[in-house]
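Structure, as structure tokens:
In what follows, every chain begins at residue 1, and chains take the letters A, B, ... in the order their sequences are listed.
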Amino acid sequence: NAGVTQTPKFQVLKTGQSMTLQCAQDMNHNSMYWYRQDPGMGLRLIYYSASEGTTDKGEVPNGYNVSRLNKREFSLRLESAAPSQTSVYFCASRPLGGDSGNTIYFGEGSWLTVV
Amino acid sequence: LAKTTQPISMDSYEGQEVNITCSHNNIATNDYITWYQQFPSQGPRFIIQGYKTKVTNEVASLFIPADRKSSTLSLPRVSLSDTAVYYCLVGDSGGGADGLTFGKGTHLIIQP
């Protein structure tokens, strides 16, 4: 029972390089999310996908793009990395409707450093 | 989008009961109240969720008054391993981003 799986776990990038963070969930959840967390701070929502084929901006979308490849996978792309994007990135998913409320399942995080 | 307010930090001692209160004055009729725990270098983990009155599980209790404008997470007999950041979220079960905005949470420190 893998839950939410993120790759890579650690990555160092040079300013201007691009990369994609991969996320997959095996719980058949409809909604998926990408958050970033800076040291000592709360989580900030970057992008989310309410269902396969749809994506929407969250609080801090600038500098990022996302793709909901299918129901399982939701990737986050940095086209031209900047030092301000140094952070821990968390992917999350949740079931839709019923009494699921705000039950969100998180991945283990991806530590990204931009130098 | 219901906003929440929590204390920035709290401390207590092993064996004590800890209560963390969250204010959510503009909670909507369909909103649930959910609490998460986050340890350093890990993603947040679901603790408990409720809609009204009291909910209890093996980890915690959640008290919600009739007006639902606040909620209290109660951790019985805490241990050092309960030192973590605790987040309160309010929102419905729809597929959007409602209720998924995390604040800074409450940093709980448990001392021996």
Side-chain angles (χ1 to χ4, degrees), chain A residues 3-6 9-10 23 25 27 29-61 66 68 71 74 88-111, chain B residues 1-9 22 24 27-52 55 57 59 62 64 68 71 73 84-107 109:
Chain A
V4 179
T5 305
Q6 296 180 227
K9 190 163 179 72
F10 300 99
C23 176
Q25 52 92 10
M27 297 173 283
H29 288 168
N30 288 293
S31 301
M32 297 185 73
Y33 307 84
W34 276 105
Y35 289 89
R36 63 176 287 176
Q37 186 172 37
D38 300 329
M41 304 293 288
L43 292 97
R44 292 185 290 171
L45 183 64
I46 305 172
Y47 269 95
Y48 67 98
S49 171
S51 62
E52 184 179 354
T54 69
T55 61
D56 285 285
K57 296 178 180 179
E59 304 168 81
V60 289
V66 291
R68 184 73 182 267
K71 191 171 186 179
F74 188 39
V88 183
Y89 292 84
F90 290 100
C91 179
S93 70
R94 72 165 172 168
L96 177 64
D99 59 359
S100 60
N102 304 312
T103 309
I104 312 164
Y105 299 82
F106 283 85
E108 294 185 349
S110 296
W111 273 253
Chain B
L1 187 62
K3 291 183 185 272
T4 61
T5 303
Q6 304 174 234
I8 294 296
S9 65
C22 179
H24 28 81
I27 189 170
T29 302
N30 294 332
D31 286 347
Y32 287 81
I33 300 158
T34 313
W35 285 81
Y36 288 82
Q37 176 190 56
Q38 186 180 27
F39 297 114
S41 302
Q42 295 184 24
R45 180 176 72 105
F46 170 87
I47 301 175
I48 196 166
Q49 176 173 273
Y51 184 80
K52 61 181 178 181
V55 179
N57 62 22
V59 176
L62 178 60
I64 305 168
R68 304 203 324 125
S71 59
L73 173 72
V85 179
Y86 293 82
Y87 297 96
C88 161
L89 269 71
V90 173
D92 64 21
S93 60
D98 286 354
L100 299 188
T101 302
F102 286 75
K104 294 186 177 181
T106 298
H107 189 190
I109 299 172

| query | Of the backbone (N, CA, C, O) and the side chain (C-beta and beyond), which part of A:Tyr105 lies under 4.5 Å from a heavy atom of chain B, both, or neither? | reply | neither
| said: Quick check for you: to the nearest 0.5 Å, what is the distance between B:Tyr87 atom OH and A:Leu43 atom CG? | reply: 5.0 Å
| said: Show the nearest heavy-atom pair for residues B:Gln42 and A:Phe90, with the distance to one decimal. | reply: O-CZ, 3.5 Å
| field | Any donor-acceptor pair under 3.5 Å from A:Tyr35 side chain to B:Phe102 backbone | value | no
| remark: Applying a strict 4.5 Å limit to non-hydrogen atoms, the region of A:Glu108 in contact with chain B is backbone
| said: Measuring only between side-chain heavy atoms, which start at C-beta, is A:Met41 closer than 4.5 Å to B:Lys104? | reply: yes
